[in-house]
Amino acid sequence: MSDKPANKYPVNLLDTPFPMRGDLAKREPGFLKQWQNGKIYQQLRQVAKEQNRPKFILHDGPPYANGDIHIGHAMNKVLKDIILKSKSLAGFDAPYVPGWDCHGMPIEHQIEKLVKSDKDAIKANPGIHARIVEYRKTNGLDEKETHLPSGFIRELCREYAAIQVERQKVDFIRLGVLGDWDNPYLTMNFKTEADIVRTLGKIHDNGYLVKGQKPVHWCVDCGSALAEAEVEYEDKVSAAIDVGFQVLDMAALSAAFGGVNVGDQAAFAVIWTTTPWTLPANQAVSVNPEFTYDLIATEKGLLILVRELAEAALKRYNIDANEVIAQAKGSALNGLLLQHPFINRQVPVICGEHVTAEAGTGLVHTAPAHGLEDYQVGLKYKLPVDNPVANDGRYISSTEFFAGETVWKANPKVVALLEERGALLANKKLEHSYPHCWRHKTPLIFRATTQWFIGMDKVVGCETLRDKANRAVDATEFFPAWGRARLEAMIKNSPDWCVSRQRTWGVPMTFFIHKETAELHPRSVELLEQVAQRIEKEGIEAWFKLDAAELLGAEAAHYEKLKDTIDVWFDSGSTHFAVLKQRAELNHGDDNRPAADLYLEGSDQHRGWFQSSLKTACATLGQAPYKQLLTHGFVVDGKGMKMSKSKGNVVSPQDVINKMGADMLRLWTASTDYSGEVSISDEILKRTTDSYRRVRNTLRFLLANLSDFSAADVLPVNQLLTLDRYALVELANFQKNLTSFYAKYEFHLGVQEIHRYCADELGAFYLDIIKDRLYTMAAESHGRRSAQTTLWYITQALVRLLSPILSFTAHEAWETLNNDGNVFVDQWLDIPAVQDAAALQTAFALVREVRANAQKDIELQRAAGALGSSLQAEITITAQGDAYHALASLGDELKFIMITSQAVLHEGEAAIAVAASSAEKCERCWHYHPTVGTIAAHPTLCVRCDSNLHGSGETRQHA
RNA sequence: GGGUCAGUAGCUCAGUUGGUUAGAGCACCGUGUUGAUAACGCGGGGGUCAUAGGUUCGAUUCCUAUCUGACCCA
């Protein structure tokens, strides 16, 4: 440990290969190699099996296979790893199979970008782009051709996802996360794809899959639905018209406006719209319940307008003379019946929060078939979603006035008809931002289409899926507790889950639909299993290339394959079945309990994975897939602000690892209270490094002083000195505290406990005191071996206790100790019991209080210049009662506890006196002792050192 | 705009039915040691407990509002 010349009289100074500085960034990769070469994860599984340990299943929420990992991913994986390692050390069989979410829009979008020759995309994925170029060449396509077969697109998506998975995997492994990295689960694995399909089949079999209508972006030229990313917004000029809906019941109108006399004039609720063609689908007029509405008498009748916009509206209608005869809150108008301006239909006034007072009239034309907000508010009021517009953008034959017309040509005709009916109050042109198709650059329409839903309120058996989900939430344990309220609220407000998507890269909904009735084939469950078996072998492509006749025979003439894919949230939501149930190591083997013990994800997943998993599990098994849910917050910068490239406050895990090492990132993760948002910044990481050094140096001291000691030298507990037995009691106490923090997932309190133990318990107390014995007593003396026995237990326990958090450092210490095997395969140390534990704790609490006071008094003398080191002091302690007896029990060895050259005890009123020693300082042990100078052969030594070096050595009982 | 959560020393965190001068570690300052030495010991300074009201004999702790931030939704 030191390069300085040896003392004339040797002391037991030992060295250790465990360096003061970890140099983690450089050395961790080497440790990782050892874990991989030694197949530590596999070994751990084997041992767990042999020991028949109870299982603890943490199911990994699959990150999406796109883009490099960020600090949030890193934190999430580290938390999981800490939990699993601590569970394993606590005696559980805690496997970890990492997963990835591989289907879906974002990946498909990346491929689309490559197909469209986006420069950035090509730079990032040259290989896949080369395949596209090659494909065009081989198939004689134009080099700018963007219409490529969907089978080829899926192939590219699969390849892209695989590349992303490998990139992310490397970073995750580098964090020190132990898991089955060679066999992760991917939602695009053929078997998993098949099991996702089976999950859907089971839900259908259980009766929860229902067909419905929902508006989507629709391109008339494509003849298909578009995803949000395929929509481009461009300016467009539209007709903006004001339309009066006549009030049917004048008495109700009067009542709504506080009983005002409404006379015999006709009254109109006035709406404003930029899409006249949607009026045939009108089912309601929405008002904002909080707004105030005016009832205004004009020459065109009584008009209802929101107060803020009334003046502008009247101006638009060229109405000068008017009088506000009454006002009412929007909520008062709820339920008022109106006459549709040209169709024989009565429509209600309804309340919706989506109504604003920014433009128009404050009353909104509501056509559930043509707008998402309209659709959603329509769900609340159970309005029909009748859609009069067909795939080709033309009105269906039953549409009054406009049958067969395209919606764009119908626009002016609708306006003309309104004019004719006297319902048109204004007709202006408006330039506004409007959705367009990214391929055709033509305006899109919102159009209700047939979609498939998992029904939340359909009664199956005697209860709904919502009922089941509620019960499942009740049965779940939440960390922190507020997660329950959040998930409950989600379930309460969640509409039917629309699981169908019109996408290319997704698991297909493998159903056959009757061409006429659009009903599912009666043998759907059986057919679906046949399809699933094909998917197991060939992946989802098996469905897309399947000829219906292969399964249906002659019936195929009447059926077609459903073209929809499944919402990607369903993929990950099915993994409790598609992964946990399918892999023996992740299967509890008991269907009566939730599949997993724990799901652990960011708080955004209440709406995401926590919920999708809950719904699929309830719809298939009637229970939650997890026993416990643990949520962590998002990572923000030091000021609590979200990280963003533009702000320049992004901390990347790769940077932290390359500069400081993964253990620092792990320690940061463990130190923080993750239940809220989590801060990271240079200063925070700097502090993390500081606290790491404290722990590391403690380990270094321990390891150095054990370097001439091994398990064979361990003494039985009843032969240990008093102080050492007390240290064992405190060690057991520390282990109990820390393992309890691990069990409660309260790692930040655990880190504080680790720190308290290393700094207060060891650094400032126990280790400081036993240095005298370690250094000055004979190497193999009982007093020294007693201390080393204690250090051995402390180190063995500490290494294990640190390993879930400081995995690399613990591994390094484990090797330095020459321990067999691997720390992660071990369990918490069995710390030997101490018979007089309670008495020791009581006594030492008193002793330490006196010691603290003595240190203050010594400090006063030091400040006054009377002495330097505390060994230069001689103290006289006066105490009474229990304190006196506690101190007295240490006899002559009290001075070692106090680290003074002399400590005299008297019984009496509590007091401490400190004086500088008048004796000489022993060159070797640094104690000031009257015997220094009395030994002729060694005039600079005290008798103690002389005996330890040349005689039989001193004896210690207590300290 | 709505729902949920958070806001205690420069940093990370404690604070246990509301009860005397609000704690710890790190950082900072002073100091000792030079046998954990780019380490360790001892001592010290530092907080209007986000802000403003309210309940109470008394509130960091309970209630309300506001501000700031995060997540979800609109």
Side-chain angles (χ1 to χ4, degrees), chain A residues 1-2 4 6-7 10-16 18 20-21 288 290 352-354 356 372-373 376 480-490 492-494 602-608 611 631-642 667-668 670-673 675-694 696-705 746 748-749 751-756 758-760 762-765 767-769 771-772 774-776 852 854-863 865 867-872 899 924-926:
Chain A
M1 217 182 273
S2 171
K4 287 169 195 156
N7 282 336
V11 287
N12 307 308
L13 284 188
L14 302 171
D15 206 352
T16 172
F18 190 87
M20 188 180 313
R21 305 190 65 197
N288 189 310
E290 300 301 323
E353 304 289 340
H354 65 288
T356 69
L372 204 55
E373 287 175 332
Q376 277 156 356
W482 52 258
R484 178 186 308 281
R486 189 153 175 182
L487 199 58
E488 250 167 20
M490 298 292 174
K492 182 162 171 261
N493 299 320
S494 134
S603 59
D604 59 332
Q605 298 303 330
H606 284 95
R607 177 149 291 270
Q611 192 184 210
T631 293
H632 58 79
F634 275 62
V635 183
V636 295
D637 72 8
K639 292 179 186 130
M641 306 293 267
K642 189 197 303 206
L667 184 57
W668 164 78
S671 318
T672 189
D673 177 2
S675 67
E677 66 244 35
V678 173
S679 287
I680 193 165
S681 67
D682 287 346
E683 174 168 13
I684 292 168
L685 285 168
K686 175 76 168 49
R687 294 288 91 85
T688 307
T689 311
D690 290 335
S691 76
Y692 172 78
R693 277 214 292 267
R694 173 46 121 154
R696 186 174 178 91
N697 269 308
T698 303
L699 273 177
R700 177 173 144 88
F701 180 89
L702 294 169
L703 292 168
N705 283 287
E746 291 177 336
H748 68 294
L749 299 184
V751 169
Q752 293 197 39
E753 176 67 7
I754 289 169
H755 212 89
R756 179 200 70 78
C758 288
D760 290 357
L762 295 182
F765 185 72
L767 300 183
D768 209 21
I769 294 168
K771 279 175 194 168
D772 183 76
L774 290 171
Y775 296 151
T776 69
Q855 282 171 329
K856 276 191 186 125
D857 291 341
I858 291 170
E859 181 63 26
L860 283 176
Q861 295 297 313
R862 179 151 43 217
L867 44 81
S869 84
S870 79
L871 278 176
Q872 207 179 336
I899 317 186
R924 182 166 173 275
C925 73
W926 299 342

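The sequence lines fix the lettering, A, B, ..., with proteins before strands; numbering per chain opens at 1.
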Chemist: Is there any protein nitrogen or oxygen under 3.5 Å from a nitrogen or oxygen in nucleotides 14-17 of chain B, and what are the pairs?
Modeler:
unit_1: B/A14; atom_1: OP1; unit_2: A/H748; atom_2: NE2; d: 2.6

Chemist: For the SG atom of A/C758 and the CD atom of A/E753, what is their distance to the nearest 0.5 Å?
Modeler: 10.0 Å

Chemist: For RNA chain B, which residues in residues 635-642 of chain A have a heavy atom at a distance below 4.0 Å?
Modeler: A/V636, A/G640, A/M641, A/K642

Chemist: How close or far is atom C1' of B/C26 from atom CG of A/L685, stated in whole angstroms?
Modeler: 14 Å

Chemist: Would you mind reading off the distance between A/Q861 atom CD and B/G30 atom P, rounded to a whole angstrom?
Modeler: 22 Å

Chemist: In whole angstrom, what separates A/D604's CG from B/A70's P?
Modeler: 15 Å

Chemist: Dump the pairs, protein N or O against N or O of nucleotides 38-48 of chain B, anything under 3.5 Å, distances to one decimal.
Modeler:
unit_1: B/A38; atom_1: N1; unit_2: A/R21; atom_2: NH1; d: 3.4
unit_1: B/G41; atom_1: OP1; unit_2: A/R694; atom_2: NH2; d: 2.5
unit_1: B/G41; atom_1: OP2; unit_2: A/R694; atom_2: NH2; d: 3.1
unit_1: B/C42; atom_1: O2'; unit_2: A/E859; atom_2: OE1; d: 3.1
unit_1: B/C42; atom_1: O2; unit_2: A/E859; atom_2: OE1; d: 3.1

Chemist: What is the separation between atom CE on A/M490 and atom C1' on B/C73, rounded to the nearest whole Å?
Modeler: 7 Å

Chemist: How many angstroms lie between atom CG of A/N705 and atom CG of A/D15, to the nearest 0.5 angstrom?
Modeler: 11.0 Å

Chemist: Compare every heavy atom of A/S671 with every heavy atom of A/H748, then report the nearest pair and how far apart it is.
Modeler: CB-O, 3.2 Å

Chemist: Considering all heavy atoms of both residues, which atom of A/N12 and which atom of A/T776 are nearest to each other, and what is their separation?
Modeler: ND2-N, 4.3 Å

Chemist: Where do A/W482 and A/S675 come nearest, in terms of heavy atoms and distance?
Modeler: CZ2-O, 3.6 Å

Chemist: Give none if B/G43 has no partner; otherwise give the nucleotide forming a Watson-Crick or G-U wobble pair with it, both distances under 3.5 Å.
Modeler: B/C29

Chemist: Minimum heavy-atom separation for A/M490 and A/R607, please, with both atom names.
Modeler: SD-NH2, 3.0 Å

Chemist: Distance check needed: B/C28 C1' versus A/E683 CD, whole Å only.
Modeler: 12 Å

Chemist: What are the two closest heavy atoms between A/D768 and A/G763, and how far apart are they?
Modeler: CB-O, 3.6 Å

Chemist: For the P atoms, the ones on B/A22 and on B/A9, what distance do you get once it is rounded to whole angstrom?
Modeler: 14 Å

Chemist: Take atom CD of A/Q605 and atom P of B/C5, then tell me their distance rounded to the nearest Å.
Modeler: 19 Å

Chemist: If I take atom NZ in residue A/K492 and atom C1' in nucleotide B/C72, what distance separates them, rounded to the nearest angstrom?
Modeler: 16 Å

Chemist: Going from CZ on A/R21 to CZ on A/R693, what distance comes out if it is rounded to the nearest 0.5 angstrom?
Modeler: 7.0 Å

Chemist: Using the side-chain heavy atoms of A/H755, tell me which of these nucleotides is nearest: B/G25, B/G10, B/U34.
Modeler: B/G25

Chemist: Where do A/I769 and A/F765 land on the side-chain contact (heavy atoms from CB on, under 4.5 Å) test, with the steps shown first?
Modeler: CA-CA 6 Å; A/I769 294 168; A/F765 185 72; 3.6 Å; yes

Chemist: On RNA chain B, does the nearest nucleotide to A/Y775 precede the nearest nucleotide to A/R756 from the 5' side, or the other way round? Give the residue.
Modeler: A/R756

Chemist: Using a cut-off of 4.0 Å on non-hydrogen atoms, how would the nucleic acid contact of A/S691 be classed: base, sugar-phosphate, or nothing?
Modeler: nothing

Chemist: Give none if B/C57 has no partner; otherwise give the nucleotide forming a Watson-Crick or G-U wobble pair with it, both distances under 3.5 Å.
Modeler: B/G19

Chemist: Could you measure between the two C1' atoms, the one in B/A36 and the one in B/A59, and give it in whole Å?
Modeler: 46 Å

Chemist: Partner lookup for B/U48, please. Criteria are Watson-Crick or G-U wobble with both distances under 3.5 angstrom; report none if nothing qualifies.
Modeler: none

Chemist: Which is more 5' along RNA chain B, the nucleotide nearest A/S603 or the one nearest A/I684? Just name the residue.
Modeler: A/I684

Chemist: With both distances kept under 3.5 Å, what pairs with B/U4, Watson-Crick or G-U wobble?
Modeler: B/A70

Chemist: Quick check for you: among B/G35, B/C73, B/A70, whose closest atom lies nearest to any side-chain atom of A/R607?
Modeler: B/C73

Chemist: To the nearest Å, how far apart are A/H632 NE2 and B/A6 P?
Modeler: 17 Å

Chemist: Could you tell me which non-hydrogen atom of A/T698 sits nearest to which non-hydrogen atom of A/L762, and how far apart they are?
Modeler: CG2-CD1, 3.8 Å

Chemist: Can you figure out which of B/A27, B/U12, B/U4 approaches the side chain of A/S671 most closely?
Modeler: B/U12

Chemist: Nearest 0.5 Å, what's the CH2-CD1 distance between A/W668 and A/I680?
Modeler: 4.0 Å

Chemist: Give a yes/no answer on whether the side chain of A/Y692 brings an N or O atom under 4.0 Å of OP1 or OP2 in B/C26.
Modeler: no

Chemist: With rounding to the nearest 0.5 angstrom, report the OH to CG distance, A/Y775 to A/L13.
Modeler: 6.5 Å

Chemist: Determine the Euclidean distance between corresponding P atoms of B/U17 and B/G53; express it in Å to zero decimal places.
Modeler: 28 Å

Chemist: Just wondering, more than 12 heavy atoms not from A/D682 lying within 6.0 Å of its CG?
Modeler: no

